[in-house]
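Chain naming here is simple, since letters A, B, ... match the order of the sequence lines and numbering starts at 1 in each.
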Amino acid sequence: MPGMPRNTFLAIAIVLAIAAAVAGAWLAANLGAPQPPEQARVLTTPRPVPAVPAIDQAGQPFGPEALRGRWTMVFFGFTHCPDICPATLQVLAGARQLLDDLPPEEMPAVVMISVDPGRDTPERLAEYVPFFHPEFRGVHVPAANLAELTRVFGAAYAYSPAGDDSYTVDHTASLFLVDPQARVAAVFPTPHTAAGVASDLRRIIELEK
Amino acid sequence: MRLIVLAAAALLAACAPDQDAPPAATSAAPAASSAAAAPAVTGAWVRQVPPAARMTAGYLQITNPGSEPLVIVGAESPLFNAVEVHGTEMVDGMARMRLQDSVTVAPGDTVSFEPGGLHLMLMQAVETIPSEGEIPLALLLADGSRIDFTAPVGQPAQ
């Protein structure tokens, strides 16, 4: 390069070399190895979902057989819940939208398992859960079998009086990811955002490829 | 990719300064008594819920510009037979919702009623829970006064 001092030329060359190295490292880190999730905790030993009598809002059996073959996000909630349950279903609807580009076989299903089987009949769940997304399903587990199921997920629930003749349900608000082998594979602790849930779901699905 | 996600997140954050921003503007009509330092309700909204829902929740921010603590002891709405002030707490990952006897806003402070925290629990709808429009609400204060305001029905911005 005529007219350019040798030092300037060297400086430009060094800067370009560093830029290329940084870009290369970034590409290697971001395109090569899949990233671990940021908030979700992947279980080192996934736990098989037990077969308990349970039906979804359409009356179809819900259990390991129904869970096999695709990813499923599970939330434990109830319909007499004005705050955290609709908020979480709303977040899941937002995450579902952010994942719209996923191929159908990778798109996680979303189910809310009711921790209030006394009031949440399958019919009631059918009127409530799909409001947030038409593909979301509610699941009814008989009271006698609920503890066995929640224990495997590491979830808990407890009934607490509210008002004169009513009650509310304290419940684990974490989200659980069930893998295509019908095993609890990851836990998403609160607080949840649509972007955070979608991003971690993407990463976990990518890790398992 | 991460940069793009970050940029997108920043953009989203810029568009929605509050994660659960109200779906529309709200109007507050503080009690006419204390003209100079009237408490102000802003950003109120009521969650749009499925028609099958028996209850919903109202959210808002309340600012106390006065020199005395402002104590909220209840709430009401002509569209619901029962309105209670509740708080959701997270204890070891468990969501627990409890009736609050009172909520105090210290002088100069703002208290947010927001998803996963304080909320107005709207129960026993006189007819059905509105799926759109504005819901008239009032906060009842310990000194016997009230703050009337309306809150639009909607979904929070993501």
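- Using a 4.5 Å cut-off between heavy atoms, A:V169 contacts chain B through its backbone alone, with no side-chain atom that close.
- By the neighbour-count criterion of 12 heavy atoms within 6.0 Å, atom CD of A:E105 is densely surrounded, having more than that number from other residues, nucleotides or ligands.
- Contacts of A:C85 with chain B are absent, with no heavy-atom separation under 4.5 Å from either backbone or side chain.
- For the atom pair B:Q48 CD and B:T56 OG1, the distance stands at 9.0 Å (nearest 0.5 Å).
- Not one N or O on the side chain of A:D200 forms a donor-acceptor pair closer than 3.5 Å with the backbone of A:P37.
- Proximity to chain A is limited to the side chain of B:M90, based on heavy atoms less than 4.5 angstrom apart.
- Heavy-atom pairs under 4.5 Å with chain B peak, among A:E127, A:H171, A:H80, at A:H171.
- In this structure, the ring of A:Y157 has its center no less than 6.0 angstrom from the ring center of A:F76.
- Side chain of A:S160 to backbone of A:T168: no donor-acceptor contact under 3.5 angstrom is found.
- In this structure a side-chain-to-backbone donor-acceptor pair under 3.5 Å is missing from A:H133 to A:F131.
- Ranking B:M121, B:R98, B:M94, B:H86 against chain A, the residue ahead of the rest is B:M94, based on heavy-atom pairs under 4.5 Å.
- With a threshold of 4.5 angstrom between heavy atoms, A:T190 approaches chain B through side-chain atoms but not through N, CA, C or O.
- Each of B:L99, B:V49, B:V91 has some count of heavy-atom pairs under 4.5 Å with chain A, and the biggest count is that of B:V49.
- At a 4.5 Å heavy-atom cutoff, B:E84 makes no contact with chain A through either its backbone or its side chain.
- Looking at A:P189, neither its backbone nor its side chain comes within 4.5 Å of chain B, counting heavy atoms on both sides.
- Judged purely by atom type and a 3.5 angstrom limit, A:D116 has no side-chain atom pairing as donor or acceptor with the backbone of A:F78.
- Ranked by heavy-atom pairs under 4.5 Å with chain B, the first of A:D83, A:I84, A:V129 is A:D83.
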